Amino acid sequence: MKKTAGIHHITAIVGHPQENIDFYAGILGLRLIKQTVNFDDPGTYHLYFGDDGGKPGTIITFFPWAGAAQGKIGGGQVGVTTYAIPVGTLSYWENRLAKFAIPFEKTTRFDETYLQFEDYHGLQLELVERAAGQLNNWSFGEVNPEVAIKGFGGAVLYSTDPASTIETLQETMGLEKVAEEDGLVRLQAYGDIGNIIDVKQSTVALGSLGVGTVHHIAWRAKDEADHVEWQAHVHKNGYGVTEIKDRNYFNAIYFREYGDILFEIATDTPGFAHDESYETLGQELKLPIQYESARDQLTNALIPIEVKELD
């Protein structure tokens, strides 16, 4: 039976790209590891944030559509994106969110305390202390490796058919059910980060895509050979799965599970440093070869952005 190590990345839709950068880099202290364009809509940025090197399990990506309509969080979506922080740093993050006037609430589930808040565009986020996972060796502003977000803790999934979603996670993706509490089922992958998935057991009415919603969640495949096996495995399990798509920094396949959530499976390889050095990640607009001839036209159409310290 095939088993994914956990989340590779999560991709969401947001509003103005500079606001997006200010929140995730300026406030949360994540590194902008890649600025490129939506390969299917090159007039739109595709921005990637993660740990210092953009390791799988740390990467959140965004399609920023300035002026687009607000979406509705609901069934068929990641309802909440969970970030893991080092043990003992929750109070630091409470103070940091307060410093930037970001409202937050504290809640508990499965014996863990979560700090819940929204980004500037309505995306639902939370922080939880976890011992597992490497420290993030990125420093930005007042966020240093001792307190920095390590990567994903996991996600809370909202499904239009929770039983089917749970079955897909167990039988197709290889996660194991580890707990059940207060209307949530908790499943776990074998990786040390991006590995805890909570599924709301009650049916959630279908959401609508737009600003402030997650477009898809991507799971990890080790390499290209493993990815081909995953494609065959998903098909064998009865899902319509796409052809393999080259996303330059990983290969991708997509399928929609029966709770209406769009799943991607992405390769850990080749990663984000093959067209930029580790030191220069995210500093320049990188285009896939098919759009390089239109660089001037695309650059002129994109909203200018910069990464700046807000402290």
Side-chain angles (χ1 to χ4, degrees), residues 3-10 28-30 50-51 55-60 73-75 77-98 102-119 123-136 143 145-159 162-171 173-204 214 217 219-220 259 261:
K3 295 183 178 183
T4 181
I7 298 170
H8 182 280
H9 68 268
I10 289 174
L28 295 188
L30 296 173
D51 72 352
K55 292 189 288 290
T58 76
I59 309 155
I60 192 164
I73 298 173
Q77 296 178 9
V78 172
V80 185
T81 298
T82 308
Y83 275 120
I85 54 176
V87 173
T89 63
L90 201 66
S91 60
Y92 167 87
W93 284 101
E94 288 183 72
N95 292 332
R96 185 160 183 82
L97 293 176
I102 306 297
F104 61 84
E105 295 182 356
K106 292 174 75 171
T107 187
T108 301
R109 68 176 186 272
F110 297 107
D111 296 322
E112 294 180 307
T113 300
Y114 291 81
L115 202 61
Q116 297 182 323
F117 56 100
E118 297 180 1
D119 74 1
L123 202 68
Q124 304 293 303
L125 305 172
E126 61 185 11
L127 302 173
V128 62
E129 294 181 350
R130 296 260 171 87
Q134 298 177 356
L135 290 180
N136 174 4
V143 181
E146 293 182 356
V147 299
I149 290 170
K150 294 193 284 187
F152 293 123
V156 182
L157 303 186
Y158 294 168
S159 175
S164 292
T165 298
I166 292 166
E167 182 180 3
T168 301
L169 290 169
Q170 291 179 293
E171 302 302 325
M173 303 311 301
L175 278 69
E176 296 183 6
K177 180 180 175 180
V178 293
E180 189 172 334
E181 175 184 284
D182 295 335
L184 293 169
V185 171
R186 171 158 287 193
L187 302 106
Q188 184 168 348
Y190 71 82
D192 62 357
I193 202 163
N195 59 336
I196 303 293
I197 304 297
D198 294 339
V199 181
K200 192 172 183 178
Q201 283 183 285
S202 59
T203 299
V204 181
V214 169
I217 182 170
W219 308 97
R220 293 175 63 182
I261 304 170

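Note that the structure is predicted; figures quoted are calculated from it, not measured. Along the sequence shown, residues carry numbers from 1.
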Query raised in the report: Given R186 and E112, is the salt bridge (charged side-chain N to carboxylate O under 4.0 Å, His left out) satisfied, shown in steps?
Result: CA-CA 13 Å; R186 171 158 287 193; E112 294 180 307; 3.1 Å; yes

Requested in this report: Answer yes or no: is there a donor N or O on one side and an acceptor on the other, between the side chain of Q188 and the main chain of N195, under 3.5 Å?
Outcome: no

Report task. List for me each residue that meets ring pair (Phe, Tyr, Trp, His ring centres under 6.0 Å) alongside Y83, sequence neighbours excluded, and say none if there are none. Result -> F152

Query raised in the report: Can you name the residues that form a side-chain hydrogen bond (donor to acceptor under 3.5 Å, both in side chains) with K200, not counting sequence neighbours?
Result: none

Query raised in the report: Which heavy-atom pair separates A5 from A189 by the least distance, and what is that distance?
Result: O-CB, 3.4 Å

Report summary line: Rounding to 0.5 Å, atoms CZ (F117) and CG (L123) come to a distance of 9.5 Å

**Report entry** Heavy-atom pair of closest approach, residues A131 and V87
**Finding:** N-CG2, 3.7 Å

**Report entry** Which residues share a side-chain hydrogen bond (donor to acceptor under 3.5 Å, both in side chains) with N136, sequence neighbours left out
**Finding:** none

Query raised in the report: Are any of the side-chain heavy atoms of V147 and I85 separated by less than 4.5 Å?
Result: no

Report task. Check whether any side-chain N or O of R130 sits under 3.5 Å from a backbone N or O of G153 as a donor-acceptor pair, and report yes or no. Result -> yes

Query raised in the report: With a 4.5 Å limit on heavy-atom distance, are the side chains of D119 and L125 in contact?
Result: yes

Report task. With sequence neighbours left out, write down each residue that passes side-chain hydrogen bond (donor to acceptor under 3.5 Å, both in side chains) with E126, or none if nothing qualifies. Result -> T82, R109, Q116

Query raised in the report: Can you name the side-chain hydrogen bond (donor to acceptor under 3.5 Å, both in side chains) partners of T165, sequence neighbours left out?
Result: S159, E257

Requested in this report: Taking salt bridge (charged side-chain N to carboxylate O under 4.0 Å, His left out) as the test, write out the residues that go with E94, two or more places apart.
Outcome: K106

Query raised in the report: Would you say L115 and L90 make side-chain contact, with heavy atoms under 4.5 Å?
Result: yes

Requested in this report: State, yes or no, whether a side-chain contact exists between V143 and R96 at a heavy-atom distance under 4.5 Å.
Outcome: yes

Query raised in the report: What distance do I7 atom CD1 and I193 atom CD1 have between them, rounded to the nearest 0.5 Å?
Result: 9.5 Å

Requested in this report: Output yes when a side-chain donor or acceptor of K55 lies under 3.5 Å from a complementary backbone atom of Q134, and no otherwise.
Outcome: no

Query raised in the report: Just by distance, with hydrogens left out, do Q124 and E118 show a side-chain donor and acceptor under 3.5 Å apart?
Result: yes

Query raised in the report: Do you know the tightest heavy-atom contact between L169 and L187?
Result: CD1-CD1, 3.9 Å

Requested in this report: Would you mind reporting whether F104 and L127 have side-chain heavy atoms less than 4.5 Å apart?
Outcome: no

Query raised in the report: Where is the tightest heavy-atom contact between K150 and A132, given as atom of each residue plus distance?
Result: NZ-O, 2.8 Å

Query raised in the report: Would you call W219 and H8 a side-chain contact if the rule is heavy atoms closer than 4.5 Å?
Result: no

Report task. Working to the nearest 0.5 Å, report the span between OH of Y92 and CG of L97. Result -> 9.5 Å

Query - Heavy-atom side-chain proximity of L157 to I197 below 4.5 angstrom - result: yes

Report summary line: Taken to the nearest 0.5 Å, the spacing of I10 CD1 from I217 CD1 works out to 4.5 Å

Query raised in the report: Do W93 and I149 come close enough that some side-chain heavy atom pair is under 4.5 Å?
Result: yes

